[in-house]
Asks: 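Structure provided below as structure tokens; questions to follow.
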Amino acid sequence: MVFLGIITAPRGTADILPADARRWHELEEAARAVFDAYGYGEIRTPIFEHTELFQRGIGEATDVVDKEMYTFMDRGDRSLTLRPEGTAGVVRAVLEHNMDKGALPVKLYYMGPMFRYERPQAGRARQFHQVGAECLGTMDPAADAEMIRMPATLLKRVGVTNFEVLINSIGCPRCRPAYVERLRAHLADRREQLCASCRERYDRNPLRLLDCKRESCRRLTEDVPQLVDSLCDGCASHFQQVRAYLDDFGLPYRLAPRLVRGLDYYTKTVFELVSSDLGAQDALGGGGRYDGLVETLGGPPMPGVGFAAGMERILLVMAKYRPAPAPKPVDAMIAHHGAAGRRIAVRLAGEWRDAGLRVEIDYMDRSLRAQMKQADRLGARLVVIIGEDEASRGVVRVRDMATGEEREMRAEEVFQSLMQKGG
RNA sequence: GUGGGUGUAGCUCAGCUGGUCAGAGCGCCAGGUUGUGGCCCUGGAGGUCGUGGGUUCAAGUCCCAUCACUCACCCCA
């Protein structure tokens, strides 16, 4: 396929062609409607940031920062990184524009491309898109509950109902260290039996031991103490309240004691929305509370909670349940023949388009027959025919494509009737 | 980074055990209708059989390498 010349899109990236773009629009519109209802405003942050933002925000020990970032030096010797997630950039912008000093909470949403250097597979790409929201400045468990409800609502809006909500609480800096020590102590004597990556996790990031998929590790950690049983009073109470709100919403969820998430900034509530319609990468979205992140990024102590969902993944599931939206039918195809006819056709097309009509015209010097075929393909409601004869007599011939009826009219009359029907 | 699968026209794919295997359907273009759509009929354009080596008298068809796609591990959205 590729020999001399043609260059393909880089690995893990994809073009979104018009037929797919229509699906994207559906999702984007649904998302904006949901965020709007919840009072979230859109924020658009840069696609690249200082590398340090992610190192500090996401955490050096995470896989994302450790081995998945697209990092490069620019011509001014700055280390920059294509954003691997959205939260760090949003928090940075909030601080940079002093939004933390205004009315709280700050409620923002975003959607756009993210970049992670990984091996592509079903539902995973190097450039992918996330839609997400952040709520900064409140500890209210209702904010956590809403942050779970928003993506759930969005999914339902676009016809995705086959998903499950998983939630857990991973505690806070007051109670988590103690738990981690209990966990280590519990596993100390069987440490050597863990898989290689779990042996490393034991030192670096013990919480991740909990979600190893390996059967052998599962067995070894089966009787390990549960995080939820080790929460401090504050975290336990917070988690209870979040669950109560979810119950009030009538939003079913499953407690997932081993759900921990791969980014360092999470505290208390963490959650994922997973679907069996996806492949091995089964998360449609996820998120949680991050009460230490703002401070980590140089701001004041300020709690926050957010979620992010993978747009391609949602689209993948959407496609299973919904037909692709058809392109909008054109209002009129202006078919022409001869030099005089073409001049009039081009002028009319321009004028009608200015008025908001969808008008097509032939540029290939095709026969009337071919132009009719084209009109049919485009779903044109009517075809306006302007040949030598019509041109010289100052009229146009109008064919109704549904009924096949045809008659002569003045161009202005056709325009008026199109405008009436179009509303 | 590690493993498995796949790679033939724009698209979906046939091509068995190496020797008319370079094909079909759809799509596209044109004609049947010297100014008229959807159906139908006819014709046409379009392919270094991913790429590079090798084995062989002969290779889409076997071997090796490489690239790409894909699925899984890992990790997550």
Asks: Could you tell me how far B:C74 sits from B:U17 if I compare only their P atoms? Round to whole Å.
Replies: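 Here B:U17 and B:C74 have their P atoms 36 Å from each other.
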Asks: Looking only at atom P, what distance separates B:A58 and B:C69, rounded to whole Å?
Replies: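 Their P atoms lie roughly 35 Å apart.
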Asks: Taking B:G15 as the reference, what is the distance to B:C21 when you measure between their P atoms (whole Å, please)?
Replies: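 So the two P atoms sit 13 Å from each other.
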Asks: Does a distance-only test, which skips hydrogens and angles, find a donor-acceptor pair under 3.5 Å between the side chain of A:Arg399 and the base of B:G35?
Replies: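 Between B:G35 and A:Arg399, which were checked side chain against base, a qualifying N/O pair under 3.5 Å is absent.
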Asks: When you compare B:G44 with B:U61, how far apart are their C1' atoms, in angstrom units rounded to a whole number?
Replies: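 My reading of the C1' atoms in B:G44 and B:U61 gives 30 Å.
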Asks: Please give, in whole Å, the distance from B:G37 P to A:Asp362 CG?
Replies: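 One finds 15 Å between P of B:G37 and CG of A:Asp362, rounded.
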Asks: Can you tell me the distance, in whole Å, between the CG atom of A:Asp376 and the C1' atom of B:G37?
Replies: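 In whole Å, B:G37 C1' and A:Asp376 CG are 5 Å from each other.
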Asks: Measuring from the side chain of A:Lys373 (C-beta onward, heavy atoms only), which nucleotide among B:G35, B:G38, B:C74 has the closest atom?
Replies: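 Looking only at side-chain atoms, A:Lys373 lies closest to B:G38.
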Asks: Partner lookup for B:G18, please. Criteria are Watson-Crick or G-U wobble with both distances under 3.5 angstrom; report none if nothing qualifies.
Replies: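 Per the H-bond distance test, none.
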Asks: Of the options B:U36, B:G1, B:C28, whose atoms approach the side-chain atoms of A:Arg124 most closely?
Replies: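 Of B:U36, B:G1, B:C28, B:G1 is nearest to the side chain of A:Arg124.
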Asks: What is the distance, rounded to the nearest whole Å, between atom CZ of A:Arg126 and atom C1' of B:U70?
Replies: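 Taking CZ of A:Arg126 and C1' of B:U70, I get 14 Å after rounding.
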Asks: When both hydrogen-bonding distances must be under 3.5 Å and the geometry is Watson-Crick or G-U wobble, what is B:G60 paired with, if anything?
Replies: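 In the structure as shown, B:G60 has no Watson-Crick or wobble partner.
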Asks: Considering heavy-atom distances to RNA chain B, does A:Ala9 or A:Met311 have its closest nucleotide positioned more toward the 5' end?
Replies: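 Taking each residue's closest nucleotide, the earlier one in sequence belongs to A:Ala9.
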Asks: Please check if any side-chain donor atom of A:His337 sits under 3.5 Å from a side-chain acceptor atom of A:Asp389, or the reverse.
Replies: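 Looking only at side-chain atoms, A:Asp389 and A:His337 do not form any donor-acceptor pair under 3.5 Å.
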Asks: Reckon A:Gln127 touches a base, only the sugar-phosphate, or nothing at all at heavy-atom distances under 4.0 Å?
Replies: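 No contact.
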Asks: Using O4'-C1'-N9-C4 for purines and O4'-C1'-N1-C2 for pyrimidines, with syn meaning within 90° of 0, is B:G37 syn or anti?
Replies: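 Here the answer is anti: the torsion falls beyond 90° from 0.
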Asks: What is the distance, to the nearest angstrom, from the CZ atom on A:Arg119 to the C1' atom on B:G3?
Replies: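 Result: 9 Å.
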Asks: Look at all strands and tell whether A:Gly132 reaches a base, only sugar-phosphate, or nothing, counting heavy atoms closer than 4.0 Å.
Replies: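 The answer is nothing, as A:Gly132 stays clear of every strand by at least 4.0 Å.
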Asks: Can you check the distance between B:G38 and B:A45, where both ends of the measurement are the P atom (answer in whole Å)?
Replies: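 The answer is 23 Å between these two P atoms.
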Asks: What's the CD-P distance between A:Gln374 and B:C28, to the nearest Å?
Replies: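 In whole Å, B:C28 P and A:Gln374 CD are 9 Å from each other.
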Asks: Both A:Val64 and A:Leu368 contact RNA chain B. Which one's nearest nucleotide lies toward the 5' end?
Replies: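 Between the two, 5'-proximity favours A:Leu368.
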Asks: Any strand counts, and the cut-off is 3.5 Å on both contacts for Watson-Crick or G-U wobble. Which nucleotide pairs with B:C29?
Replies: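 Paired with B:G43.
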Asks: Determine whether a donor-acceptor pair (N or O, by modelled atom type, separation under 3.5 Å) exists between the side chain of A:Glu351 and the backbone of A:Leu348.
Replies: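 Flag not set: sc A:Glu351 to bb A:Leu348 has no pair under 3.5 Å.
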Asks: Please say whether more than 12 non-hydrogen atoms of neighbouring residues, nucleotides or ligands are located less than 6.0 Å from CZ in A:Arg343.
Replies: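 Incorrect, the count does not exceed 12.
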Asks: Looking at every strand, decide which applies to A:Ala14 at a 4.0 Å heavy-atom threshold: base, sugar-phosphate, or nothing.
Replies: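 Nothing: the residue A:Ala14, judged by heavy atoms under 4.0 Å, touches no strand.
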Asks: Would you say the side chain of A:Glu406 and the base of B:G35 hold a donor-acceptor pair, judged only by whether the two atoms sit under 3.5 Å apart?
Replies: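 No.
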Asks: Specify the separation, in whole Å, of atom CD of A:Glu408 and atom P of B:G35.
Replies: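 Checked: the CD to P distance equals 16 Å.
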Asks: Can you measure A:Arg366 atom CZ to B:G35 atom P for me and round it to whole angstrom units?
Replies: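 Roughly 17 Å, once rounded to whole Å.
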Asks: Can you tell me the base-pairing partner of B:G23? Count Watson-Crick or G-U wobble geometry only, both distances below 3.5 Å, and say none if there is no partner.
Replies: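 When the pairing criteria are applied, B:C13 turns out to be the nucleotide that pairs with B:G23.
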Asks: Taking the same atom, P, in B:C71 and in B:U12, what whole-Å distance lies between them?
Replies: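 Each nucleotide's P atom is 15 Å from the other's.
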Asks: Both distances under 3.5 Å, Watson-Crick or G-U wobble: report the partner of B:U51, or none.
Replies: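 Pairing partner: B:A65.
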Asks: Which one, B:G31, B:C74, B:C71, comes nearest to the side chain of A:Arg369?
Replies: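 Taking heavy atoms from C-beta onward, the closest nucleotide is B:G31.
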Asks: How far, in whole Å, is B:C73 from B:U56 if one measures between their C1' atoms?
Replies: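 To the nearest whole Å, 40 Å.
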Asks: Do the charged groups of A:Arg22 and A:Glu26 touch, with an N to O distance under 4.0 Å?
Replies: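 Result for this pair is no, no salt bridge flagged.
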Asks: With a 4.0 Å cut-off on heavy atoms, is A:Ala375 in touch with a base, just the backbone sugar-phosphate, or nothing at all?
Replies: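 Answer is nothing: A:Ala375 stays at 4.0 Å or more from every strand.
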Asks: When you compare B:G5 with B:G19, how far apart are their P atoms, in angstrom units rounded to a whole number?
Replies: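 B:G5 and B:G19 have their P atoms separated by 24 Å.
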Asks: Can you tell me the Watson-Crick or wobble partner of B:A72, both distances under 3.5 angstrom?
Replies: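 B:U2 - that is the nucleotide pairing with B:A72, both distances being under 3.5 Å.
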Asks: B:U33 C1' sits how many Å from A:Ile385 CD1, rounded?
Replies: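 Whole-Å distance recorded here is 14 Å.
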Asks: Ignoring the backbone of A:Arg261, work out which of B:A77, B:A30, B:G35 is nearest its side chain.
Replies: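 The listed nucleotide nearest to A:Arg261's side chain is B:A77.
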Asks: Could you check A:Asp277, A:Leu155, A:Leu273, A:Leu27 and say which one makes a side chain to side chain contact (heavy atoms under 4.5 Å, CB included) with A:Val160?
Replies: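 One option only clears the test, and that one is A:Leu155.
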Asks: Counting heavy atoms from C-beta on, name the nucleotide in B:G38, B:A77, B:U70 closest to the side chain of A:Arg11.
Replies: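 Side chain of A:Arg11 sits closest to B:U70.
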Asks: Of the listed nucleotides (B:C73, B:G37, B:A77), which one gets closest to any side-chain atom of A:Gln121?
Replies: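 Of the options given, the side chain of A:Gln121 lies nearest B:C73.
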Asks: Would A:Arg126 and A:Tyr117 count as a cation-pi pair here, with the cationic atom under 6.0 angstrom from the ring centre and within 45° of the axis?
Replies: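 Checked: cation-pi criterion met.
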Asks: Measure from NZ or CZ of A:Arg243 to the centre of the six-membered ring of A:Phe239 and say whether it is under 6.0 Å with the direction within 45° of the ring axis.
Replies: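 Yes; both conditions hold, so A:Arg243 lies above the ring face of A:Phe239.
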Asks: Between B:A77, B:U70, B:A72, which nucleotide gets closest to the side-chain atoms of A:Ala280?
Replies: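 Of the candidates, B:A72 comes closest.
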Asks: Only pairs with both distances under 3.5 Å count, Watson-Crick or wobble alike; so what is the partner of B:G35 in this structure?
Replies: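 WC or wobble partner does not exist here.
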Asks: Just compare B:U36, B:A30, B:C28 and give me whichever is closest to any side-chain atom of A:Arg377.
Replies: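 Closest nucleotide to the A:Arg377 side chain: B:C28.
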Asks: Where the side chain of A:Asp389 is defined as all heavy atoms beyond and including C-beta, which of B:G37, B:A77, B:G35 is the nearest nucleotide?
Replies: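 My answer, after comparing the listed nucleotides, is B:G35.
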Asks: Is it the case that A:Ser169 and A:Thr269 place a side-chain donor and acceptor less than 3.5 Å from each other?
Replies: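 Short answer, no.
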Asks: In terms of side-chain heavy atoms of A:Arg313, which of B:A77, B:U70, B:G35 is nearest?
Replies: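 Closest of the options to the side chain of A:Arg313: B:A77.
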Asks: Can you name the closest pair of heavy atoms from A:Gly89 and A:Glu49 and give their distance?
Replies: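 Minimum heavy-atom separation between A:Gly89 and A:Glu49: CA-OE2, 3.6 Å.
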